[in-house]
Amino acid sequence: MVTKRIRQITAANESLLSFLPMWEEHRLEPDTANFAFGNPQEMVVHGFASALARATEPLDKDHYAYKFSEAGSRARVARHLGAWRDQEFDPEDIAMTPGAFGAIAVALTALVDVGDEVVYSDPSWFFYRSMILSAGATPIGVQVQPDNYDLDLDRLAGAITDKTRLVIVNTPHNPTGRIYPPATLEDLAAVLTDASDRYGAPIYLLSDEPYSKLVFSDATFSSPSRWYPHTLISYSYGKILLTPGQRIGWLAWTPSMADRESLRSAVFMAQIAGGWQFPSAIMQYSLAELERLSIDLLELERKRDWFVSELGAAGYDLRPPEGTFYLWVRSPDPDDVVFVERLAKEGVLVLPGTTCGSPSHFRVSLTGTAEMIERSLPVFRAAI
Ligand SMILES: Cc1ncc(COP(=O)(O)O)c(C=O)c1O
């Protein structure tokens, strides 16, 4: 009854699926310090709900008609991106999607054929493998550098074959918090250009950037789109607003993209055939207001500095993240799942590294509150 593809996808997320019952068991207990996922642990940012409420009022008969990428949304994103990135973007090269999830799914459908290979880096966000498999392609994971979590370009170059159609890079990187520096991105562009020339067709780069506004004050963010012409960027508003349950984001590429007219229609058809991968009317109408909102980045940085220094003082091995809202910590027990279970029994929920393809670590989400951090510190100290 179940398809082979869904069996493969389920197997790719086995470790996440086996973590969920533990998470369900503890997450609603009143004293749980919940750092498992990038979910809000306090009330939504002020102005979000009222922006959505205003956008519900119908202005004409088409207010709730089927929505594609609305012209207003595309123009706004192109303008905003152009100013932010100092790179030109054409509104026609912006596809509005239900978050980065939708943007990644659409890029895979538009660019990847059954049997193609998609290279991504490990550790990684836990759904790349499933999404690549869902597109009928083969996921090829490449380890990042173990010391500083930078891309390992020799390994990446070695993983590219004549079947490679797409490479996915995620910066700022979930789970390590690494932001790839310009020199790495420039070298990445050289590797991809070289491989594209060798195989006679562009290898596309999907730069997955949902955390590109979650950058700490001691770091700067660069997108590979600056160096590699065949880059598509996926983005989500769900991170900067910490509202992952309301879906809006985009997929964008610059005018340097090869064959961009065909890509526009391919992405459009991929959005339709992929199950109407457009954000809802309300999300598109409220975009102007949403773009002015943000979670408190100073508070996030304070939590990072405090948590990193406390965990470090307790003997944990971790690097301060440059972006995202995650800490990536070496597990004192070689079995990360055993260690995570031990913490969970004491009321502290973190994510085992195996879910991200790395059993040696666990991930802590800084979306937990300051009170949760305070409560968790004795547990972390005792567990090590
Ligand atoms: C690296 C990465 N890409 C994509 C996504 C999907 O983001 P969204 O749910 O906002 O679409 C996430 C969410 O955690 C992520 O961490």
Side-chain angles (χ1 to χ4, degrees), residues 19 22-23 25-43 45 123 125 144 146-150 172-179 211 213-219 239-240 242 294-356 358-384:
F19 170 69
M22 195 195 326
W23 175 72
E25 185 188 334
H26 294 286
R27 74 189 178 99
L28 296 177
E29 289 167 3
D31 287 335
T32 296
N34 189 348
F35 309 112
F37 293 107
N39 253 330
Q41 300 298 338
E42 44 206 333
M43 287 305 272
V45 60
W125 179 50
V144 298
D147 46 349
N148 62 6
Y149 308 135
D150 206 354
H173 182 233
N174 173 9
T176 66
R178 176 72 169 163
I179 295 180
Y211 302 95
K213 294 211 161 167
L214 291 167
V215 175
F216 295 112
S217 61
D218 44 12
K239 306 298 178 191
I240 188 69
L242 204 44
S294 163
I295 56 167
D296 186 343
L297 294 180
L298 286 177
E299 170 63 8
L300 187 69
E301 184 151 336
R302 272 195 292 273
K303 286 195 281 184
R304 173 196 72 160
D305 293 343
W306 176 34
F307 219 165
V308 165
S309 101
E310 292 287 350
L311 290 178
Y316 287 89
D317 178 7
L318 77 164
R319 284 172 62 89
E322 295 159 299
T324 73
F325 39 53
Y326 304 115
L327 306 180
W328 185 237
V329 190
R330 182 170 294 283
S331 171
D333 191 308
D335 188 333
D336 60 324
V337 176
V338 167
F339 189 72
V340 166
E341 276 170 5
R342 199 184 309 160
L343 292 177
K345 285 200 185 95
E346 300 300 324
V348 175
L349 279 176
V350 301
L351 189 73
T354 39
T355 59
C356 305
S358 176
S360 55
H361 285 70
F362 60 90
R363 193 191 73 177
V364 179
S365 176
L366 293 170
T367 53
T369 62
E371 294 75 45
M372 288 179 182
I373 298 178
E374 189 77 65
R375 239 182 294 139
S376 73
L377 292 176
V379 176
F380 278 112
R381 284 189 206 107
I384 199 170

Quick check against the 3.5 Å criterion: does [X] have a side-chain atom that pairs as donor or acceptor with the backbone of [Y]?
| X | Y | value |
| --- | --- | --- |
| Arg363 | Pro352 | no |
| Arg375 | Asp31 | yes |
| Ser365 | Phe37 | yes |
| Glu301 | Ser217 | yes |
| Glu322 | Ile179 | yes |
| Lys239 | Gly38 | no |
| Arg304 | Leu366 | no |
| Asp333 | Val338 | no |
| His26 | Asn34 | no |

Decide yes or no for [X] and [Y]: does some side-chain heavy atom of the first lie under 4.5 Å from some side-chain heavy atom of the second?
| X | Y | result |
| --- | --- | --- |
| Pro332 | Phe362 | yes |
| Ile240 | Leu214 | yes |
| Val308 | Leu327 | yes |
| Phe325 | Leu242 | yes |
| Phe216 | Pro320 | no |
| Arg342 | Glu346 | no |
| Pro40 | Thr367 | no |

> Using the ring of each side chain (for Trp, its six-membered ring), is Phe380 parallel, tilted or perpendicular to Phe35, with breaks at 30° and 60°?
Replying inline: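 If you compare the ring of Phe380 with that of Phe35, the planes turn out tilted.
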> Yes or no on side chain to side chain contact (heavy atoms under 4.5 Å, CB included) for Val144 and Arg178, after CA distance, side-chain angles and deciding distance?
Replying inline: CA-CA 10 Å; Val144 298; Arg178 176 72 169 163; over 6 Å; no
> Can you tell me how far CD of Gln41 sits from CD of Glu371, rounded to the nearest 0.5 angstrom?
Replying inline: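 It is 11.5 Å, given to the nearest 0.5 Å.
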>> As an exercise, state the distance from NE2 of His173 to OH of Tyr149, rounded to the nearest 0.5 Å.
In response: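 Between atom NE2 of His173 and atom OH of Tyr149 there are 10.5 Å.
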>> Quiz question: by atom type and distance under 3.5 Å, do the side chains of Asn174 and Thr324 form a donor-acceptor pair?
In response: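 Side chains of Asn174 and Thr324: no pair found under 3.5 Å.
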Locate the shortest heavy-atom distance separating [X] from [Y]; write the atom from each residue and the value.
| X | Y | result |
| --- | --- | --- |
| Pro123 | Thr176 | CG-CG2, 4.1 Å |
| Leu349 | Met22 | CD2-O, 4.3 Å |
| Leu318 | Gly312 | CD2-N, 4.0 Å |
| Val215 | Ala219 | CG1-O, 3.5 Å |
| Asp336 | His361 | CB-O, 3.4 Å |
| Val364 | Phe307 | CG1-CE1, 3.6 Å |

>> Among Leu343, Thr32, Leu377, which residue satisfies the side-chain contact (heavy atoms from CB on, under 4.5 Å) criterion with Val348?
In response: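 Running side-chain contact (heavy atoms from CB on, under 4.5 Å) over Leu343, Thr32, Leu377 with Val348 returns exactly one hit, Leu343.
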